[in-house]
*Asks:* 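My structure is below; once you've seen it, I'll send some questions.
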Amino acid sequence: MIVCKAFLKVIRKNIGMIIIYTVIFLVFSVANSRTGETQTTFVSEKPSVCLVTEDDSLLSDCLCRYIGEHMEIVDLPEQDRADALFYKEICSIIRIPKHYGRNVCSGEQTAVGIQTSVDYKAEFVKLMLERFGRVQNIYVKTTDSEQELVNAIESALESSVKVEVASALDEKALTAASDFYNFAAYSMMACIVFIICLVLSSFNEIMIRKRTLVSSMPYGKYSTLLMLSSCLYAMAVWAVLVLLSFCIVPDGMKTDRGIWYVMNGCLYMLVSLTLAYLLSTVLKGKNAITGIVNVITLGCSFLCGVFVPADYLPDSVMAVARVLPTYWYVQTNELLKTTETLDKTTVLPILIHFAVLSGFCVLFYAAGMMISRHNRRIA
Amino acid sequence: MSVILEVSHLTKEYKTVKAVDDLSFTLNEHEILGLLGPNGSGKSTTMNCILSLLRYSSGSIRIHGKEMSPSAYDLKQEIGVIFQDVAVFEELTVYDNIRYFCGLYIRDRKTAEAYIEDAIHLTGLEDYRKFYPKQLSGGLLRRLNIACGIAHKPKLLFFDEPTVAVDPQSRNNILEGIEKLREQGASVIYTTHYMEEAEQLCDRIIIMDKGKILASGTPDSLKSITSVTEKVMAEVPRLSEEKLHKLEGEVTNGSIRYENGRLVVSFHDGKDHITHLIDILRRMQISYLRIYSERPTLNDVFLELTGKELRD
Ligand SMILES: Nc1ncnc2c1ncn2[C@@H]1O[C@H](COP(=O)(O)OP(=O)(O)OP(=O)(O)O)[C@@H](O)[C@H]1O
Ligand SMILES: [Mg+2]
C-alpha cells in the first residue's frame, strides 16, 4: 500500500503535465466540433442545373418537383447553355424528352437526357436522377395509372428523404464521436505513457532501486504493486476520457456505437499502459523520457491519422502506420463511423482490430517483462 | 559477545579487476567496525556483496548464522543501509521519503509513525518535514539519506561514506548519531577513507587496499604497527637543496621529507622532539611559518604498509 501511496504522490507532483495534455485535448476536440458544424452547412449547397422540359405529363411534373427540391434550377436561353456548362455556372443540363410520361407508363425504355461537366456536383445530380429512375421503375410495374405511379413515387421518395435526413444527423454525431476518440489517442497515450514513465523512472532510479532491493519488501510484490498502481492510473485516465466523451459528443455516444468506442478506448489504454511499462524498463533519465516519449506519441499520432484524417495521408505512410497500434485504433473508430449497421459481418473487422490491439499489449508486456528480469540485479 | 556478521573468503571479480580479494572478517554485536581504504579499494563492493546486491565470485556471507541471499527477507528486515550516494525521491517531502522507506519494512501504521519521529529526531530534521530534497543543503540531504536508512530500527547497519562532502559540523552530527544508534543496540559497519573519522568512531578498523585486508584491530593496536613515535611538521616556504641536505645531517634520530612547502620529520624514539628541531632550524636560519607536533596516525600506518598516503 505504501508503494501505491508513494506512486500517487509522485503522480501528484506531475499533475501540471496531465493538466496541460488534457487542456490541449479539450481545446482540440471542442474546436473540431465547431468546424464540423460549419462544414455541414457548406456541403448542403445545392448544385445548379438547367432544366429543359419537352413533355407535359403528371410524371414529368413530379420529376420537375423532385429536381427543384434537390437542385437549384437556372433558366437559360438555348444558346447560352453550353457556355454556362463550360464555365461551370451550372453543372448539368437535364432534358426531359417528349412523351416521357406516356412512354414510361407503357413500359417503353425512356431515359432523361443529361449533359454534365466534370465535377463532383454533376455526380450528385446523376446520382439523384438515377435514384428517381430506380424508384420509378419499381412502381411502374405495380401501379395501373400515371396518377397512382406519381403518388407511389412521391411517398417513396419522401420517406427515403426522411430516412436520409435521419442518417445524415446520425452521421454527424458519429463523426464527432470518432473525431473525439481519434484526438483522444494522442492525449491518452501522452498522459499515460509520459506520466507512468516519469513516475517509474523515479522508482527505478538506480539508488532507489538499491534501497528497495535491500529492503525486506519482496521484489516480486514490489513490482506487482507498481504495476497495479500504473494500471489504476491508466484506468482513471480512460474513465475521464469516457466521461468527457459523454459530455462533449453525447449524440454519438448514445447510439449503439457508444459502447464500441468505449471498448476501443479501453484497449488503447491497455496498449499505452504496456508500452509505458516497456519504455520504463528501457529509458533511463527524465530527459531521455521527455524526448523519446514525445517522438513516439506525436509520431504515432501523425502517421496514423489522429491529427490529419487518414484519407489525406499517402498510401506509403499508411503502409508504415500498420505496424503502430494507433493505426488500428484509429481505423476502428473510422469503421464505427462508416459501417451502416452493426451485425455479425460488420462487427468482425472491428473484432479483428481489437485482436491486433490486444496483440500489441501482449507483445509490449512480454518484452518489458524480459528486460526487467534481465535488470533484476545491479551487477 | 556474539557474532552478527561473518564474511569468509569473499572474492568479487569484475572483468578486468579483482575488486575484493579473499576477504574474511566478522562483526560483533554492538560493535562499530570501520572499513578504511583509499578510493577504489573495494569498500563499496564488499558492502554490496554482503547485501546481495552483487553476485560474488566465491566466499560466503552469514548473518546471524544464516546464509545471506537476495530472498532472505527475514535477514533484510534487520538490516539498514545508507549508501554512498543519496537515494531519495525528488518528488516526495522529507517526511514522505522517510515514511516510504520505513513503510517498506514496517507494515503497522502506528509503529511506523512512531519510528519515523524517532528517526527525524535522531537526524535533527524536525524543522524540515515539509521540505523537498531540492530545498535541502548538502548536509541536510545526507541526514535525510541516513534517516531513510535507519527509520525501521535495524539491528545491523551499513554506512557507506556518509560524510563525503559534508561540512565538519554536520559530520560531527552524523557521527554522534551513529554513536547513539550503537547505544540503542545496533551493530555498525562504517566505510570511509577519512582516517580521523575511523579513529574517532570505530571500535575496530580494517584497513583495506586493492580488495585485500592490510591490517585490522583497534585504532591503538593498529597505530602500534608503525615505529613512528612522533611527527613534527613545519611550514617552510623556501628551502634549498643544499640546506635540506645539511638539515638531514643535523637530525640524526629522524627521517626527513620536504614537499609542497612542508617539512615533515618523523621520529622513531620517544616524544617531545619539537624544541630540539626549533633549535636546529633557528641555528641554520631556516624561517618557518608554523611548527607543530603530531602523534602517529592511521595514515602513517597506511604509509608504512603500502608506501603511499591514504589521503587522496
Ligand atoms: N561495475 C563495475 N565494473 C567494473 N569494475 C568496477 C565496477 N564497480 C567497481 N569497480 C572497480 O572495483 C574496484 C573497487 O571499487 P569500489 O567502488 O568498491 O571502491 P571503494 O573502496 O568503494 O571506493 P570509493 O572510496 O571511491 O567509494 C575499483 O577498482 C573499481 O574500479
Ligand atoms: Mg565506495
Side-chain angles (χ1 to χ4, degrees), chain A residues 1-18 194-226 228-230 233 280 284-287 289-290 372-379, chain B residues 12-15 19 44-45 47-57 68 70-93 95-109 112 132 134 145 148-149 151-152 154 156 158 160:
Chain A
M1 294 348 91
I2 191 76
V3 178
C4 298
K5 240 190 206 162
F7 190 95
L8 289 180
K9 278 180 186 158
V10 177
I11 282 188
R12 219 170 51 196
K13 269 301 237 181
N14 288 313
I15 196 88
M17 286 290 180
I18 302 176
F194 195 52
I195 298 296
I196 289 185
C197 274
L198 273 187
V199 174
L200 288 184
S201 85
S202 287
F203 279 85
N204 289 335
E205 201 266 320
I206 179 77
M207 290 314 297
I208 304 250
R209 257 174 69 82
K210 273 189 178 181
R211 265 231 153 107
T212 315
L213 284 170
V214 299
S215 80
S216 63
M217 165 84 72
Y219 190 74
K221 184 177 167 188
Y222 170 74
S223 33
T224 311
L225 281 174
L226 274 187
L228 213 73
S229 313
S230 314
Y233 166 74
S280 73
K284 303 273 177 272
K286 304 213 152 100
N287 288 333
I289 288 173
T290 317
S372 80
R373 189 154 294 170
H374 194 256
N375 286 347
R376 199 124 180 194
R377 282 207 187 189
I378 59 166
Chain B
K12 166 74 191 176
E13 280 171 63
Y14 288 112
K15 280 189 192 81
S44 299
T45 307
M47 232 185 77
N48 287 335
C49 287
I50 296 174
L51 294 168
S52 281
L53 283 174
L54 283 177
R55 230 171 250 141
Y56 40 90
S57 320
M68 181 64 179
S71 57
Y73 297 114
D74 52 336
L75 294 181
K76 286 183 175 182
Q77 179 72 30
E78 301 275 290
I79 298 176
V81 188
I82 289 84
F83 287 102
Q84 191 167 357
D85 302 312
V86 174
V88 294
F89 283 94
E90 292 289 325
E91 297 90 342
L92 299 185
T93 59
Y95 186 89
D96 285 338
N97 262 304
I98 306 176
R99 175 84 191 81
Y100 174 75
F101 288 110
C102 184
L104 290 181
Y105 296 86
I106 310 282
R107 293 292 134 67
D108 182 58
R109 223 184 90 203
Y132 286 94
K134 273 211 186 87
N145 195 35
C148 291
H152 60 287
L156 173 56
F158 291 83
D160 195 358

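Values reported hereafter were calculated over all heavy atoms of this structure, with side chains retained and with hydrogens, waters and symmetry mates removed. Every chain is numbered from 1 and lettered A, B, ... according to where its sequence line falls, protein lines coming before strand lines.
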*Asks:* If you apply the rule side-chain hydrogen bond (donor to acceptor under 3.5 Å, both in side chains), what do you find for A:R209 with A:Y222, and how did you get there?
*Replies:* CA-CA 11 Å; A:R209 257 174 69 82; A:Y222 170 74; over 6 Å; no
*Asks:* What part of A:V3 gets closer than 4.5 Å to chain B, counting heavy atoms only: side chain, backbone, both or neither?
*Replies:*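 Both backbone and side chain of A:V3 come within 4.5 Å of chain B.
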*Asks:* Between B:Y132 and chain A, with a heavy-atom cut-off of 4.5 Å, which part of the residue counts as in contact: side chain, backbone, both or neither?
*Replies:*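 The answer is the side chain of B:Y132.
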*Asks:* Is B:C148 in contact with chain A via its backbone, its side chain, both, or neither, using a 4.5 Å heavy-atom distance?
*Replies:*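 Its backbone and side chain both get close to chain A.
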*Asks:* Taking B:K76 for its side chain and B:M68 for its backbone only, find out whether a donor-acceptor pair lies under 3.5 Å.
*Replies:*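 Side chain of B:K76 to backbone of B:M68: no pair is present.
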*Asks:* Shorter than 4.5 Å, heavy atoms on both sides: which option in B:V88, B:L104, B:I79 has the most such pairs with chain A?
*Replies:*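 The option with the most such pairs is B:L104.
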*Asks:* Check whether B:R107 gets within reach of chain A through its side chain, its backbone, both or neither, counting any heavy atom under 4.5 Å.
*Replies:*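 Side chain only.
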*Asks:* Evaluate the ring planes of B:H152 and B:Y105, with Trp represented by its six-membered ring, and classify them as parallel (under 30°), tilted (30 to 60°) or perpendicular (over 60°).
*Replies:*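 Ring orientation of B:H152 relative to B:Y105: parallel.
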*Asks:* Considering only heavy atoms from C-beta outward, does the side chain of B:R109 approach that of B:R99 to under 4.5 Å?
*Replies:*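 Yes. Closest side-chain heavy atoms under 4.5 Å.
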*Asks:* Any donor and acceptor pair, going by atom type alone, linking the side chain of B:S57 with main-chain N or O of B:E13 inside 3.5 Å?
*Replies:*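 The answer is yes, because a donor-acceptor pair under 3.5 Å joins these two groups.
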